[in-house]
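Step one of this worksheet: look at the structure below.
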Amino acid sequence: MGKKIALNVLYNVCIFVALVIGYEGVTRGHYAYLLAAVFIAAVIIALKMKLIKEVKESTRKP
């Protein structure tokens, strides 16, 4: 369970970094950075949702 908590924290940090990079891309006019940040954030969010589903299923079964 500790590995899953660490993975969740890593996902949160990656999402935050992607949001910051996306914001900087918009403010500086580098839309390629924004596109990359949105893509990476979408992938990480999908992985995070999968992790949450796995944790819910593991806590339901004794």
| Within residues 22-53 or reaching into it, pairs that qualify as ring pair (Phe, Tyr, Trp, His ring centres under 6.0 Å) - sequence neighbours excluded | His30-Tyr33
| Roughly how far, to the nearest 0.5 Å, is OG1 of Thr59 from CD of Glu54? | 12.0 Å
Identify every side-chain donor-acceptor pair in residues 5-21 under 3.5 Å, counting partners at least two apart or on other chains, and give the distances.
from	atom 1	to	atom 2	distance (Å)
Asn8	OD1	Lys48	NZ	3.1
Asn12	OD1	Lys48	NZ	2.2
Asn12	ND2	Asn8	O	3.4

| query | When hydrophobic residues are tied together by side-chain contacts of less than 4.5 Å, even through go-betweens, does Val38 share a cluster with Leu35? | reply | no
| task | Group every Ile, Leu, Val, Met, Phe, Trp and Tyr by side-chain heavy-atom contacts under 4.5 Å, then state whether Leu51 and Ile40 land in the same group. | result | yes
| task | To the nearest 0.5 angstrom, please state how far the CG atom of Leu47 sits from the CE atom of Met49. | result | 10.5 Å
| remark: What one should report as the nearest heavy-atom pair of Val55 and Lys4 is CG2-CD, 3.8 Å
